[in-house]
Amino acid sequence: MVAATGNADTSVGHGELIKAVDHALTTHGRALLTGPAGAGKTEVVRAVAAAAEARRESVLRLAPEAADQWIPEASAAALLASVPAAALDQLSGPQRTAIALLRREADAPRAGRDHIALRLAVVEVLRTLAARQPVLLVLDNAQWLDAESTDLLRFALRLTPPRVRVLVAEYVQGGAPVGEALCGPGAPAIRVPPLGADEVAELLVRHCLPARLAGRIHQASGGNPRLALALGHSLAEAAEARDSSAHHADPLPVSGQAREVARRLLAGVPAQARRTLLLAALASRPTTSLLRRAGRPDAEAELAEAERAALVRVGEDGTVEFTAGALPTALAADAGWPERAAGHAALAAAVDDPVQAVRHRALAVDTPDQWLAAEITEAAAVCRRRGQRVLAAELGLLAAERTPSWLAGEELARLVAAAEDAGWAGRADLARRATRAVLARDASSADRVRARLAVIDAAGQALGALDETFAYAMDEAAGDPSLQAAVQLRIAWKHNLSDGDPVRSRDAAAEAGRLAALGGDQTAEAMALTVRARMGRILGDTDAEEILAEALALPAPEVPLGMRNAPQYLAVRHALFDDRLADARRQLMVLLPAVQRPGSAEDVFEVLRSLTEVELRSGRCEAASAHARRALELTIEAGLSPGPAWYVAAMAEATGGSFARAAGYARRGIQASQEEQDQVFLSRSLHALGLVELATGEAAKAVATLRRVAALEAAQQVVDPSVLRWHGELAEALIAADAPGEAAELLDRVGTVAVRLGRTGVVAALDRARGLCLSAQGEADAAVHLLEATAQRFDALQLPLERGRTLLALARVERRRRRRAPARAALRAAAEVFALAGAAPWTELAREPAPGEGGGAQAAAAVLTEAETRLALLVSQGASNQEAAAKLFLSVKTVEARLTRIYQKLDVRSRAQLATALRTR
């Protein structure tokens with residue numbers, strides 16, 4: 001019963017909480033830690049106890065188990081068994097006898113024991129220990145203390161000296177809490193908060209689980225660490241069982257350990273409340289009024305019990321939301337068929353939406369019914385018109401299941417429609433399920449191809465694992481140009497996303513366009529031209545705009561194969577690449593409501609992504625952050641590939657939020673894109689990380705990261721530098737890392753292409769880096785002139801953040817040549833630009849140091865490059881050449897050569913003189 005020590009990975013995200021508990025114990029001497037099962041209370045308790053032991057305090061631990069609550073004085077016996085023998089030697093005879101009897105006969109009848117002596121003995125033991133050193137008494141799982149031990153400890157803790165501190169951790173399960181009784185009134189009660197999505201991602205990474213599933217697991221677990229890990233392992237096991245990787249949109253299997261954790265969470269409410277919770281779990285949009293109409297007259301009171309147990313949240317309007325998405329799944333799975341059927345029947349009579357009424361009536365029976373199947377099919381059509389494609393797919397599958405066997409043709413049509421709805425909605429699990437059913441029947445080649453295409457469409461960015469599906473689809477499409485065009489079009493997407501090969505993508509798109517024209521499919525023809533134009537832009541083809549114009553000239557269907565693949569959307573992207581931001585924003589505001597109607601989450605995400613990028617470059621960081629948040633929420637809700645959403649969040653944070661959060665999102669985006677073999681967004685997330693590293697002064701890391709972007713772009717044969725503008729950042733990082741020659745070569749090479757293609761914004765960004773390069777090469781006057789002109793060009797282009805970054809670069813150059821007044825003026829101008837844009841982290845970078853704040857080091861470093869400054873500071877603080885080389889990602893020889901130049905510039909001969917120079921100059 002004494003808790004084992006050791007670290008647990010479920011302590012992720014609890015650093016601040018541990019500090020809060022420690023502070024409460026220091027201030028009040030008592031602290032109560034609460035939270036649901038699996039929230040991480042034990043890990044927090046262990047960390048606090050370890051910190052106390054490190055301070056040489058005496059730590060007593062007690063962690064009863066569920067069975068101990070029925071054994072009188074069992075916990076008291078366990079606690080005394082852990083007390084050092086020396087603390088018992090000073091007890092009086094009756095007290096030692098009482099303890100001896102308790103320790104020998106904890107489960108024996110209590111009659112004849114001297115309970116007064118036992119209580120006094122516990123008090124005396126705690127006093128004796130406290131007289132030697134401070135004592136921390138840790139009571140974990142206090143909800144399982146037996147009543148007699150609780151009473152004994154309550155008595156003893158009232159009489160203990162202040163040097164005895166008490167930490168009680170419990171979760172309330174049915175009965176009354178005991179923590180307040182043990183700690184006394186007024187003791188700080190600290191609740192363990194759920195983990196955020198970032199922390200769930202870190203938890204999964206530590207356990208070698210796919211990071212791209214973090215959003216869905218966070219939603220399903222409600223941030224409960226134990227449940228999150230159980231769900232992650234269940235997903236991994238399910239993926240292994242079917243010999244494939246877990247897909248980002250797969251349903252989370254609430255089975256095995258995950259179901260046990262969910263059951264333990266649900267055990268905190270009585271049976272009546274659980275019946276109400278089951279109805280809420282079966283309903284699509286549960287409310288208290290719906291549950292009352294469905295036969296739960298005491299729904300409010302029963303839900304209040306569930307809310308106290310942190311199982312649900314009840315809104316002011318009566319809406320009911322489960323705190324963890326796995327809870328309704330577990331409730332439904334644990335209920336028997338008769339109970340579920342009765343629940344659906346009750347809800348069918350209570351809901352006010354005809355579609356939901358049909359759904360519940362269908363789920364209340366399990367026999368084929370021709371008329372019911374027709375009703376479900378009509379309900380699916382209504383959902384399709386509403387843009388509720390996931391529900392349409394679910395209803396389509398349900399309609400097929402309720403279709404009698406003699407209507408095989410109708411059943412097959414419903415399955416194909418369900419597959420296509422699932423593909424449109426990005427629900428890979430539903431698409432696979434419908435497609436398996438289609439392939440198991442005597443389906444035509446056209447139906448088989450349509451079903452396979454739905455699986456491809458539902459895969460999102462993860463197209464790399466579908467080679468077999470593509471092969472079967474091509475084989476079955478033979479002889480039908482329209483079907484062949486549809487398959488070739490998706491092959492073109494795969495070549496770009498997964499293979500990182502725009503040339504093959506362009507060629508596949510050309511073949512798709514030829515086949516589409518042959519088959520008279522203008523929709524597919526427009527999409528194929530769009531892919532050709534997109535790849536042509538990447539490859540620097542001069543006819544890319546003409547091809548896009550050709551695509552735009554074709555009749556645009558109401559719902560093409562996703563707006564993200566339509567020429568209208570590519571026109572927006574080209575406007576963004578060309579810095580025609582006002583045009584791009586205007587078109588996006590037209591597209592946003594248009595893409596929300598059909599219900600494609602991927603289309604809505606794409607428009608939000610572009611809006612984020614447009615607003616960031618326009619200097620409207622607050623609006624950009626709002627779009628990025630919506631994009632991330634939509635990604636989690638719809639189960640989309642998370643790599644693109646984490647990239648968008650990283651860019652929004654890097655500009656208007658926090659560099660630290662931006663780096664976290666970027667790293668998650670990198671991992672997710674690697675897991676899904678998404679070469680396009682892998683480059684983008686790496687670029688976001690490199691930008692943060694450059695901004696925060698980690699030049700060597702930025703060089704390494706941005707070189708990975710350069711390698712990926714080279715492998716993808718990307719020519720146009722306006723699509724992903726990493727070139728200037730890499731040049732700036734190389735300059736900061738003391739490699740201006742390499743930076744100059746890069747700038748010349750890319751600048752030639754940018755000028756040829758007319759990419760004025762790219763040329764200006766390259767000139768900013770060129771100004772820094774000139775400064776590093778000793779041409780300060782030319783550098784200042786170029787940077788001042790570049791700032792004016794960015795102003796004319798209406799790119800305020802780029803102008804602010806250029807003013808920052810100008811301030812650095814002026815400071816390096818000891819022109820303090822112009823440097824301060826440039827800094828102030830940059831700060832004003834960033835503040836007006838809401839670019840918080842950049843505003844902080846442009847903050848002028850207060851008098852005496854780093855002044856000596858900055859003055860001494862004014863004659864050094866940024867790379868030399870970092871090395872000088874490290875060495876002056878005692879780092880050896882080897883340590884400095886490791887920290888700066890350099891060779892020892894490079895460090896030695898750079899130190900020689902530093903000594904020459906500052907006119908010093910030793911490390912001691914260097915440290916003095918940095919302090920005094």
Side-chain angles (χ1 to χ4, degrees), residues 1-4 32-39 41-42 45-46 49 60-83 95 97-123 125-126 137-158 166-184 189 192 226 257 259-274 305-306 308-311 330 334:
M1 294 199 310
V2 177
L32 174 60
L33 191 64
T34 65
K41 297 183 298 298
T42 296
V45 164
R46 287 174 179 169
L60 298 179
R61 297 180 181 84
L62 177 62
E65 297 177 355
D68 297 329
Q69 63 187 316
W70 312 117
I71 304 174
E73 295 179 340
S75 293
L79 176 64
L80 289 168
S82 67
V83 172
Q95 292 172 354
T97 301
I99 288 178
L101 285 172
L102 178 65
R103 292 170 65 174
R104 287 201 308 267
E105 305 171 21
D107 57 349
R110 299 175 64 240
R113 295 185 189 173
D114 189 341
H115 298 289
I116 298 297
L118 180 60
R119 292 184 178 211
L120 293 174
V122 174
V123 172
V125 165
L126 293 175
L137 174 59
V138 174
L139 302 175
D140 195 10
N141 290 331
Q143 73 278 358
W144 288 328
L145 284 170
D146 61 275
E148 292 76 12
S149 294
T150 302
D151 191 45
L152 186 154
L153 287 169
R154 183 171 57 241
F155 172 84
L157 294 178
R158 286 203 310 267
V166 183
L167 173 58
V168 178
E170 69 170 338
Y171 75 91
V172 180
Q173 186 176 9
V178 301
E180 186 175 341
L182 292 172
C183 292
V192 179
R226 189 179 300 164
Q257 184 185 1
R259 185 180 294 187
E260 286 305 312
V261 176
R263 282 172 176 162
R264 188 172 172 188
L265 290 168
L266 291 163
V269 294
Q272 289 298 321
R274 281 176 64 91
E305 290 185 82
R308 284 192 293 273
L311 300 175
D334 282 348

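Computed from a predicted structure; not experimentally measured.
Nearest approach of Arg264 to Ala37, heavy atoms of both residues: NE-CB, 3.7 Å. Residues Val192 and Ala39 approach most closely at CG1-O, 3.4 Å, considering heavy atoms. Among all heavy-atom pairs drawn from Glu305 and Val269, the shortest one is O-CG1, 4.0 Å. The minimum heavy-atom distance between Ala142 and Val168, with the atom names listed, is CB-CG1, 3.5 Å. Nearest approach of Glu148 to Pro72, heavy atoms of both residues: OE1-CA, 3.4 Å.
At least one donor-acceptor pair closer than 3.5 Å links the side chain of Lys41 to the backbone N or O of Pro36. Between the side chain of Gln143 and the backbone N or O of Tyr171 there is at least one donor-acceptor pair closer than 3.5 Å.
A heavy-atom distance below 4.5 Å is found between the side chains of Leu182 and Leu145.
Atom CG of Leu139 sits about 14.5 Å away from atom CH2 of Trp144, to the nearest 0.5 Å. We find the OG-CD distance between Ser75 and Glu65 to be 10.0 Å, quoted to the nearest 0.5 Å. One distance of note links CG of Leu137 with CG of Leu60; it measures 6.0 Å at 0.5 Å rounding. One finds the CD atom of Glu170 at 7.5 Å from the OG1 atom of Thr34 (value rounded to the nearest 0.5 Å).
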TODO: Start with the C-alpha gap between Asp334 and Arg259, add the side-chain angles, then the distance that decides, and say whether side-chain contact (heavy atoms from CB on, under 4.5 Å) holds.
DONE: CA-CA 9 Å; Asp334 282 348; Arg259 185 180 294 187; 3.4 Å; yes

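For Asp140 and Arg46, the salt-bridge test fails: no basic side-chain N is under 4.0 Å from an acidic carboxylate O.
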